[in-house]
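Supplied in structure tokens, the structure appears directly below.
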Amino acid sequence: MEYDFDKVEDRHNTNSVKWDFNKSKFGEENIIPMWIADMDFKVPEIVIEAIKKRADHGVFGYTAPKESYYNSVINWMDKHHNFKVEKQWICPAPAVVPALYWIVQSYTEKGDKVIIQPPVYHRFKGAIEDNQRIVVENPLKLVDGRYYMDFDDLEKKIDSKVKLLFLCSPHNPVGRVWTKEELKRLGEICLKNNIIVVADEIHSDLVFQGYKHVAFPNAGEGFANNTIICTAPTKTFNIAGLQVCNIIIPNKSLREEFLHTLKINAMGDLNTFGMVALEAAYNEGESWYSEVLKYIQDNFNFLNNYLKEHLPKIKVIKAEATYLAWVDFTALGMTDEELRDFLLKNAKVAFNDGYIFGKTGQGFQRVNLACSRSILKEALVRITNAISNAGKNI
């Protein structure tokens with residue numbers, strides 16, 4: 001291995017949301033935080049050097065993406081996802097979450113409806129409700145340990161007020177990589193009902209061996225004209241703090257509406273170092289990316305094997321993508337509040353509570369595995385000891 005992901009990087013005193021605010025957030029100290037979706041790994045050296053070089057210039061005035069920026073995005077999407085992107089489709093923005101808010105503002109009015117597929121990334125719901133739109137839930141079905149879309153339920157819930165569908169692809173938190181057939185059926189339903197698909201594909205690079213991400217526009221004829229695609233290098237290369245993403249909109253009319261929303265919110269500028277990091281990562285970060293993906297998949301295998309041996313009634317949903325494990329703790333027989341308190345106070349670990357992703361997430365926890373294996377092992381040992389000390393036999 002060229003890169004040492006086993007090395008524990010000390011992130012304390014770096015304003016890290018994950019590591020520096022546990023006492024204020026959880027009321028506990030000495031917590032192992034494995035919740036918010038960033039990595040504990042140092043970014044590729046080529047990215048660090050590119051940022052240093054730009055910093056050495058010493059002038060940080062207003063900046064904008066150059067041709068090389070757009071080429072980096074185009075080449076990465078083509079190479080890794082066979083997604084042929086044209087420069088004019090790319091709308092740079094600071095981050096995907098605020099972009100979701102602007103998308104809602106661009107294509108809906110107050111009182112309109114937006115469909116989500118829970119248990120799903122909780123910021124989807126916030127972007128809808130905070131803008132006074134109505135959330136329509138089309139829950140995923142859990143069948144024999146694997147999640148599937150419920151198309152019959154989806155069609156029943158569509159009416160003339162539904163304007164958008166938020167698609168998480170690959171899915172956070174359940175880790176599904178949707179097949180082309182699944183995406184095709186979804187896209188055809190949305191086309192038939194004039195519903196714009198907002199495809200959050202921020203985890204699309206983090207797909208495990210044996211699976212293949214399909215960019216939503218590639219799933220069916222006419223889909224590109226009906227889709228807003230949200231992408232970023234931030235999950236892939238652990239540069240979320242540098243504030244850079246790309247909203248890809250092939251449809252000119254839809255693109256102009258989104259750009260107008262950016263304009264009236266005065267949000268057209270990017271972080272200087274974010275642009276530099278994106279180019280370095282996409283152009284020269286391939287080897288780091290390949291190795292970190294393997295390390296993350298090995299962490300999933302470690303988690304699964306450990307639980308089978310020590311806590312066999314706690315189940316992990318088989319991961320197909322992302323570094324976020326979806327773990328079923330219902331065998332503990334606790335309410336969500338009891339489970340949260342038990343993990344924080346007794347085990348001293350912090351995960352994301354499953355219920356924040358929707359009612360069907362109750363009893364689950366989302367666990368961030370983008371950490372050194374020693375940290376993962378320590379967290380699991382703490383949970384095992386806490387369960388043993390509580391006298392629970394699982």
Practice task
Classify the angle between the aromatic ring planes of Y295 and F41 as parallel (below 30°), tilted (30 to 60°) or perpendicular (above 60°).
Solution key: perpendicular
Problem - Salt bridge flag under 4.0 Å for residues D153 and K157 - result: yes
Handout entry: Stepwise side-chain hydrogen bond (donor to acceptor under 3.5 Å, both in side chains) test for S72 and N283
Key = CA-CA 6 Å; S72 298; N283 294 341; 3.1 Å; yes
Exercise for the section: With side-chain hydrogen bond (donor to acceptor under 3.5 Å, both in side chains) as the test, would you mind laying out the steps for N218 and H81 before giving the verdict? Expected result: CA-CA 9 Å; N218 289 349; H81 306 302; over 6 Å; no
Handout entry: Lys/Arg-Asp/Glu bridge criterion (N-O < 4.0 Å) met for K263, E256
Key = no
Problem - Side-chain donor or acceptor of T14 paired with backbone N/O of R11 under 3.5 Å - result: yes
Handout entry: Residues K184 and E188 bridged, charged N to O under 4.0 Å
Key = yes
Practice task
Inspect the contact between K66 and E279 and indicate whether a charged nitrogen and a carboxylate oxygen are less than 4.0 angstrom apart.
Solution key: no
Exercise for the section: Using the ring pair (Phe, Tyr, Trp, His ring centres under 6.0 Å) rule, take F208 and F300 through it: C-alpha gap first, then chi angles, then the decisive distance, then the call. Expected result: CA-CA 10 Å; F208 298 148; F300 270 98; 5.3 Å; yes
Handout entry: N238 side chain vs V43 backbone, donor-acceptor pair below 3.5 Å
Key = no
Handout entry: Electrostatic pair D353:R340 at N-O distance under 4.0 angstrom
Key = yes
Problem - Criterion ring pair (Phe, Tyr, Trp, His ring centres under 6.0 Å) against F26, the qualifying member of F351, F21, W35 - result: W35
Handout entry: Pairwise distance CD(E9) to CD1(I375) - rounded to 0.5 angstrom
Key = 9.5 Å
Practice task
Go through Y69 and L270 one step at a time and tell me if the side chain to side chain contact (heavy atoms under 4.5 Å, CB included) criterion holds.
Solution key: CA-CA 12 Å; Y69 175 97; L270 292 186; 3.8 Å; yes
Problem - Check ion pair D56-K52 (N to O, under 4.0 angstrom) - result: no
Exercise for the section: Look at the rings of W326 and F364 and say which category their plane angle falls in: under 30° parallel, 30 to 60° tilted, over 60° perpendicular. Expected result: parallel
Exercise for the section: Return yes if some donor-acceptor pair links the side-chain N/O of R366 with the main-chain N/O of A325 below 3.5 Å, else return no. Expected result: no
Handout entry: Side-chain donor/acceptor of R255 to backbone N/O of I249, under 3.5 Å
Key = yes
Practice task
Say whether, by atom type as modelled, one donor and one acceptor occur between the side chain of D336 and the main chain of G363 under 3.5 angstrom.
Solution key: yes
Handout entry: Pair Y3-S287, side-chain hydrogen bond (donor to acceptor under 3.5 Å, both in side chains): steps then yes or no
Key = CA-CA 9 Å; Y3 306 96; S287 62; 2.7 Å; yes
Practice task
Please confirm whether F237 and W76 have ring centers closer than 6.0 angstrom.
Solution key: yes
Handout entry: Whether K315 side chain and P312 backbone form a donor-acceptor pair below 3.5 Å
Key = yes
Exercise for the section: Would you mind checking if E182 and R176 are paired as a salt bridge, meaning a charged N to carboxylate O distance below 4.0 Å? Expected result: yes
Practice task
State whether K348 and E28 are salt-bridged, where the test is any N-O pair (Lys NZ or Arg NE/NH1/NH2 against Asp/Glu carboxylate O) under 4.0 Å.
Solution key: yes
Exercise for the section: Run the salt-bridge test on K18 and D38 with the 4.0 Å N-O cut-off and return the result as yes or no. Expected result: yes
Practice task
Could you tell me whether E137 and K359 have a side-chain N and a carboxylate O separated by less than 4.0 Å?
Solution key: no
Problem - Donor-acceptor contact below 3.5 Å, side chain S372 vs main chain S374 - result: no
Handout entry: Centroid separation H80 to Y289 less than 6.0 Å
Key = yes
